[in-house]
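This report refers to the structure that appears directly beneath it.
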Amino acid sequence: MKSKKHGVSGIQIRISGLSNGVYEYHFSVEPRDLLLEENFRTKVEVNTHLEKTSRQLILRTKIQTSALFQCDRCLVEFQKPLSAEYSMVYVYHETEGGPYNPEEVSVISHDTVSIDLAEDVRQLIVLSVPLKLLCSEKCKGLCPHCGCDFNTQSCSCTIEETIDPRWQGLKDLLKK
């Protein structure tokens, strides 16, 4: 197994002239180089395992980074680690995709000099951001009346249940 180390210059693997075998690549890229938003402040670490044969290249990639987000419940900023993995098979002819998922197969020409992973890495990072951003699964949120953070203190608000009069008929059905 051969090992290669790459810096911030990009996420490209030169395949032209690469002999058959297994290769490991490590990239450490600034988030701005991947056009990520400014809440991504730590480098994106990309570890790639490439297996080259005469007919195909099998690429397995693991991505790790973290970003600063605001909690959807309590509005506190927190650092969230993000990770993603993907596989891609590069073949020289469409018929060589074989048993692989068609979404994980890409056809390249014999003249291809390098494979650029930057856009795939960027998209996977963006997709790895959860829809609901919570500082903790146990986050209690804020008081809807006074704004008190229930994670650090309690408030003396008396919460009266107010019901929209249009829904009163449904509440009456629950009493039956």
Side-chain angles (χ1 to χ4, degrees), residues 3-13 24-50 58-90 100-106 115-176:
S3 181
K4 310 231 182 223
K5 187 152 179 118
H6 293 271
V8 176
S9 62
I11 308 178
Q12 289 192 356
I13 298 175
E24 298 288 334
Y25 296 88
H26 176 79
F27 302 92
S28 187
V29 182
E30 291 294 334
R32 69 178 171 271
D33 294 339
L34 295 173
L35 304 176
L36 293 171
E37 295 177 14
E38 61 185 48
N39 59 320
F40 289 90
R41 298 181 184 159
T42 59
K43 286 190 175 186
V44 177
E45 302 296 329
V46 180
N47 290 301
T48 300
H49 174 90
L50 175 71
I58 301 172
L59 185 88
R60 291 180 189 89
T61 302
K62 294 181 181 181
I63 306 159
Q64 292 183 327
T65 190
S66 66
L68 191 63
F69 296 108
Q70 186 177 44
C71 181
D72 290 339
R73 288 186 188 156
C74 68
L75 306 178
V76 169
E77 284 193 343
F78 68 100
Q79 193 78 15
K80 172 117 178 114
L82 300 169
S83 62
E85 294 183 20
Y86 79 99
S87 298
M88 185 64 72
V89 178
Y90 295 92
Y100 302 107
N101 180 345
E103 293 177 2
E104 295 178 348
V105 176
S106 181
I115 297 172
D116 190 352
L117 308 178
E119 184 58 23
D120 290 337
V121 169
R122 188 191 72 75
Q123 287 181 18
L124 279 167
I125 291 170
V126 171
L127 289 172
S128 70
V129 175
L131 293 176
K132 185 80 169 165
L133 293 165
L134 300 176
C135 61
S136 162
E137 288 296 321
K138 296 180 181 180
C139 180
K140 297 175 184 175
L142 303 175
C143 174
H145 296 286
C146 70
C148 168
D149 184 351
F150 289 139
N151 296 310
T152 58
Q153 55 188 335
S154 58
C155 67
S156 59
C157 293
T158 55
I159 301 173
E160 294 179 26
E161 188 176 333
T162 57
I163 297 177
D164 187 327
R166 295 172 290 180
W167 296 105
Q168 186 63 42
L170 290 175
K171 187 170 184 180
D172 293 340
L173 287 174
L174 290 174
K175 292 179 183 176
K176 293 181 182 180

inquiry  = For L142 versus G147, what's the shortest heavy-atom pair and its separation?
reply    =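 Heavy atoms of L142 and G147 come nearest at CD2-O, 3.7 Å.
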key: Over all atoms of both residues, closest heavy-atom pair of C155 and F150   =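 Scanning both residues completely, I find the closest heavy atoms to be SG-CE2, 3.8 Å.
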Nearest 0.5 angstrom please: [X] [atom1] to [Y] [atom2], how far?
| X | Y | atom1 | atom2 | result |
| --- | --- | --- | --- | --- |
| L68 | F78 | CG | CZ | 8.5 Å |
| S156 | H145 | OG | NE2 | 11.5 Å |
| I11 | R122 | CD1 | CZ | 11.5 Å |
| Q79 | R41 | CD | CZ | 8.0 Å |

request  = Verify, without hydrogens or angle tests, whether Q70 (side chain) and L75 (backbone) share a donor-acceptor contact under 3.5 angstrom.
outcome  =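 Yes.
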S66 side chain vs K80 backbone, donor-acceptor pair below 3.5 Å =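 Pair absent, no side-chain N/O of S66 close to backbone of K80.
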task = Compute whether any side-chain donor of one residue and acceptor of the other, for S83 and Q64, lie under 3.5 angstrom apart.
result =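 The criterion, which ignores hydrogens and geometry beyond distance, is not satisfied for Q64 and S83.
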ask   = Just by distance, with hydrogens left out, do E104 and S87 show a side-chain donor and acceptor under 3.5 Å apart?
value =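 The answer is no; no qualifying pair exists.
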Among all residues two or more places apart in sequence or in another chain, which pass the side-chain contact (heavy atoms from CB on, under 4.5 Å) test with [X]?
| X | value |
| --- | --- |
| L170 | W167, L173 |
| Q123 | E119 |
| T48 | I13, Y25, F27, V46, L59, T61, L117 |
| I125 | L34, L36, F40, V44, I63, T65, V121 |

ask   = Under 4.5 Å between any side-chain heavy atoms of N47 and H49, yes or no?
value =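 No, side chains not in contact.
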Taking side chain to side chain donor-acceptor pair (under 3.5 Å) as the test, write out the residues that go with [X], two or more places apart.
| X | result |
| --- | --- |
| N151 | D149 |
| S128 | none |
| E85 | none |
| D72 | none |

key: Heavy atoms from other residues, nucleotides or ligands near CD of E38 exceed 12 (cutoff 6.0 Å)   =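 Open.
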inquiry  = According to salt bridge (charged side-chain N to carboxylate O under 4.0 Å, His left out), who are the partners of R60, at least two apart in sequence or on a separate chain?
reply    =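 Residues passing salt bridge (charged side-chain N to carboxylate O under 4.0 Å, His left out) with R60: none at all.
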Could you list the donor-acceptor pairs under 3.5 angstrom formed by side chains in residues 129-141, with sequence neighbours left out?
residue, atom, partner, partner atom, Å
S136, OG, K138, N, 3.1

